[in-house]
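Report on one structure; see the data block that follows.
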Amino acid sequence: MLIRAAYRRARLVGFALCLGTPALIGGLILSGLVPPGEQLPEGTLLQLGHIFTGLVFLSAAWVLWRRGSVLRSFQQVPEPGRPGVVLRETLLYAALFELSSLYGLIYWILVGKYAARHVFGFILFSPLLFLALAPRLHRWVEAGGGSGAAS
């Protein structure tokens with residue numbers, strides 16, 4: 001499998017996770033199938049919201065660090081193993097960013113009536129972080145030394 005094919009497959013699955021799940025969660029919330037929580041976002045629940053926010057930004061920071069480290073060492077990966085690295089890393093990043101949508105759903109169930117904008121912020125972070133931080137094809141090709149394996 002060439003890098004380009006692995007990249008397309010990973011990107012497609014990543015988009016399905018980071019766009020599909022937030023759309024599903026948003027649809028469930030907006031349709032009323034998942035009712036909003038009625039607890040006030042104070043005390044422990046406010047702290048939980050802060051923890052969720054911290055976890056979202058921690059995952060983004062970790063992805064930035066890992067992305068840089070993987071791209072720096074990508075040229076040392078043997079040619080046959082490079083598509084697997086592209087696939088693995090892109091799906092790992094998508095899975096980490098997907099957690100943000102799940103935090104939004106949990107927060108909705110707890111305090112949605114009083115913190116809907118925070119809930120939808122968590123949900124929207126999934127696709128935005130994936131689009132912003134998952135390496136594009138040209139970054140993988142450059143990191144691999146610009147070989148013809150991308151075609």
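Counting from 1, the numbers follow the sequence of the chain as shown.
- Cluster annotation: L131 is connected to F122 through the hydrophobic network of ILVMFWY side chains, with a link wherever side-chain heavy atoms come within less than 4.5 Å.
- For residues 96-122, every residue pair satisfying the side chain to side chain donor-acceptor pair (under 3.5 Å) rule, not counting sequence neighbours, is listed here: T21-E98, S101-S126.
- Residues I51 and L40 are members of separate hydrophobic clusters, defined by side-chain heavy-atom contacts under 4.5 angstrom among Ile, Leu, Val, Met, Phe, Trp and Tyr.
- Applying the salt bridge (Lys or Arg N to Asp or Glu O under 4.0 Å) test to pairs two or more places apart or on separate chains, none has a residue in residues 55-64.
- The distance from atom CD1 of I123 to atom CD1 of I25, rounded to the nearest 0.5 Å, is 5.5 Å.
- Aromatic rings from F120 and F125 are positioned such that their centres are separated by 6.0 Å or more.
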Side-chain donor/acceptor pairs under 3.5 Å, residues 61-71, sequence neighbours excluded:
residue: R66; atom: NE; partner: E89; partner atom: OE1; Å: 2.8
residue: R66; atom: NE; partner: E89; partner atom: OE2; Å: 3.3
residue: R66; atom: NH2; partner: E89; partner atom: OE2; Å: 2.6
residue: R67; atom: NH1; partner: L133; partner atom: O; Å: 2.9

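- In the hydrophobic clustering of this structure, V77 groups with L137; members are Ile, Leu, Val, Met, Phe, Trp, Tyr whose side-chain heavy atoms approach within less than 4.5 Å, directly or through other members.
- Annotation: side-chain contact (heavy atoms from CB on, under 4.5 Å) contacts of L24 (sequence neighbours excluded): L28.
- Side-chain atoms of R82 come within 3.5 Å of backbone N or O of G144 as a donor-acceptor pair.
- Minimum interatomic distance between P127 and L19 (heavy atoms only, all atoms of both residues): CB-CD2, 3.2 Å.
- The list of side chain to side chain donor-acceptor pair (under 3.5 Å) pairs with a residue in residues 40-60, not counting sequence neighbours, is empty.
- The minimum heavy-atom distance linking A10 with V86 is given by the pair CB-O, 4.2 Å.
- The stretch residues 15-40 participates, sequence neighbours left out, in these ring-ring contact (aromatic ring centres under 6.0 Å, His included) pairs: F15-F130.
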Next item on the list: Go through the steps to decide whether W140 and Y7 satisfy the test ring pair (Phe, Tyr, Trp, His ring centres under 6.0 Å), and finish with yes or no.
Entry: CA-CA 9 Å; W140 290 112; Y7 174 80; 8.0 Å; no

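- The two atoms that bring L46 and P41 nearest to each other are CB-O, 3.5 Å, heavy atoms only.
- Applying the ring-ring contact (aromatic ring centres under 6.0 Å, His included) test to every pair with at least one member in residues 76-98, sequence neighbours left out, gives no pairs at all.
- Within the structure, no pair that satisfies the salt bridge (Lys or Arg N to Asp or Glu O under 4.0 Å) test touches residues 130-139, not counting sequence neighbours.
- Taking hydrophobic clusters as Ile, Leu, Val, Met, Phe, Trp and Tyr residues chained together by side-chain heavy-atom distances below 4.5 Å, L129 does not share a cluster with L124.
- Both L55 and L92 belong to a common hydrophobic cluster when Ile, Leu, Val, Met, Phe, Trp and Tyr are linked at side-chain heavy-atom distances under 4.5 angstrom.
- Within the structure, salt bridge (Lys or Arg N to Asp or Glu O under 4.0 Å) contacts touching residues 21-36 (residues at least two apart or in different chains) do not occur.
- Residues in residues 14-29 take part in no salt bridge (Lys or Arg N to Asp or Glu O under 4.0 Å) pair, two or more places apart or across chains.
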Checklist line | Verdict with reasoning, V85 to R88, per side chain to side chain contact (heavy atoms under 4.5 Å, CB included) | finding: CA-CA 5 Å; V85 171; R88 179 191 68 222; 3.9 Å; yes

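- Grouping Ile, Leu, Val, Met, Phe, Trp and Tyr by side-chain contacts under 4.5 Å, direct or through others, leaves L17 on its own.
- Shown here are the side-chain contact (heavy atoms from CB on, under 4.5 Å) partners of L110, two or more places apart in sequence or in another chain: Q39, L45, L48, I106.
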